[in-house]
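In listed order, ligands and their atoms are each counted from 1.
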Amino acid sequence: KNASYDVVVIGAGGAGFSAAIEAKNAGATVVLLEKMPQVGGNSLISGAEMNVARNWVQPKLGITDDSPELHAKDTYLGGDKKGDMKVINVMTHNALAGAEWCRDYLGVRFEPDNLFFFGGHSRKRALIPVGHTGTEFITKFLAKADELGIPVITNMKAEELLKDKTGRVVGVKATMNGTEYTFNAKGGVVLAAGGFGANPAMVKKYNPKIDERFKTTDAPGTTGEVLYMAQRAGAELVNMQYIQTYPICDPISGVIELIADARFDGAIMLNQEGKRFVEELGRRDVLSEAILDQTGGYCWVLWNDKIGAVSNTVKEHPTEYDAFTKQGIMTTCPDLKCIADFTKIPYDSLKGTVDRVTSMAGKGNDKDFHHRAGLVDMSQGQYYVIKAVPSVHHTMGGVRINEKAQALTADGKVIPGLWAAGEVTGVTHGTNRLGGNAYTDIIVFGRIAGKAAAEAAK
Ligand code: ADP
């Protein structure tokens, strides 16, 4: 079974779709291979916020001093300077064009006057897709691929990269239900297969501290074999030990609690003793470590209607709300007495903490943990509370790429015919990916890789 295209893209998440669509629009014939029965990967189940400095919503919120340079600096420092600043700058400087492409060309709808303020960012800059999940993107990606006539082959697992005598990557060996297929690629192959967060053995191999205790937030296809495939083709894998846990996840299934994103608008994190223990808008790695240090290794996220009116998460995620309530990890209460009964947090301590938070409401007033956006008056209910634990979320490491999304060898040489974009790459986020940067990364580098691979076929 043999087929030939100009460009072969491995993985139908956000990076893969961006690459395939741009390759097609650059005049190439292209095929998108996805090993799972359905497309979307982590991009689908993500909250899908996308950081863009100088985006069209910022002026409405009075934010006029953001810049791609500042976004790059936040990203670099947020990753403890382990990212590649040249690559990061490409991401932040192409973010706005990427978001406009999503909005105007794909038809992705964003909330018109609201942004997310993720930990580690110095400005509020994350665009929010309607529905607050990747569904909005993936639906539009699929529709566009369909419109352009790009074949998206599901249940097709890439197994090996094929090289010619000169060392150029010229195709992919893949399997479907045990049958072998060869996809020849005249221009080249784009790796867009995501990370390895759903492969516990691989996670533990690269970071032994993240062992069997951890569940994962990731889509089941996030198993990393494409990284080894790239390595066998000569690519260098870098930063593999940096594995991010997301701090606020379901203790039972491991999935992210998007409903607890009320945290970005003032929800507080409490331990079983009813005390705050960390700045709620701190970096994910900091929050995760802090939670694991608390009694039982979990925390409670608490907010009220005043916060809920801004974040709107209970209304945006009704299925989550029902599921978490049924599981017994979430509830809604008119008062703190009822919250104390549900969580078994001592009432006096809970009341004391909430009163203190209310007394320190407003930007710059949090003497305890210096909440960067400012605490909120929590004196009035309705209250919402959910139990949360950290869970494996994003693997920062992967294929070393350059500014043109070309895969590199350990001695810095370009591997001809091989591009990579998205979570499969390893030089953007350093030790720690900041919230909202994954979508920026996949859109920007997916587009670059797809275009370049198409050009190479000419
Ligand atoms: P990104 O955010 O970087 O786009 P995603 O996780 O959204 O990454 O998408 C990666 C996709 O690649 C997933 O749908 C996953 O199932 C798919 N994938 C992973 N490994 C393979 C493989 N060996 N062959 C084909 N598809 C793969």
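Taking a heavy-atom cut-off of under 4.0 Å, ligand 1 is surrounded by I10, G11, A12, G13, G14, A15, L33, E34, K35, M36, G40, G41, N42, S43, M156, K157, A158, A192, A193, G194, G221, E225, V226, G422, E423, I442.
Ion pair K204/E212 flagged as a salt bridge, since at least one NZ, NE, NH1 or NH2 atom sits closer than 4.0 Å to an Asp/Glu carboxylate oxygen.
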Could you go through residues 259-268 and list every donor-acceptor pair under 3.5 Å that involves a side-chain atom there, pairing it with any protein atom two or more places apart or in another chain?
{"residue": "R263", "atom": "NH1", "partner": "E280", "partner atom": "O", "Å": "2.8"}
{"residue": "R263", "atom": "NH2", "partner": "Y246", "partner atom": "OH", "Å": "3.3"}

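Cation-pi geometry between R284 and F118 is satisfied (NZ or CZ under 6.0 Å from the ring centre, within 45° of the ring normal).
Less than 6.0 angstrom separates the ring centroid of Y439 from the ring centroid of F137.
Applying the side chain to side chain contact (heavy atoms under 4.5 Å, CB included) criterion to Q294, with sequence neighbours excluded, gives N271, F277. Scanning for ring-ring contact (aromatic ring centres under 6.0 Å, His included) contacts around F183 gives an empty result, with sequence neighbours left out.
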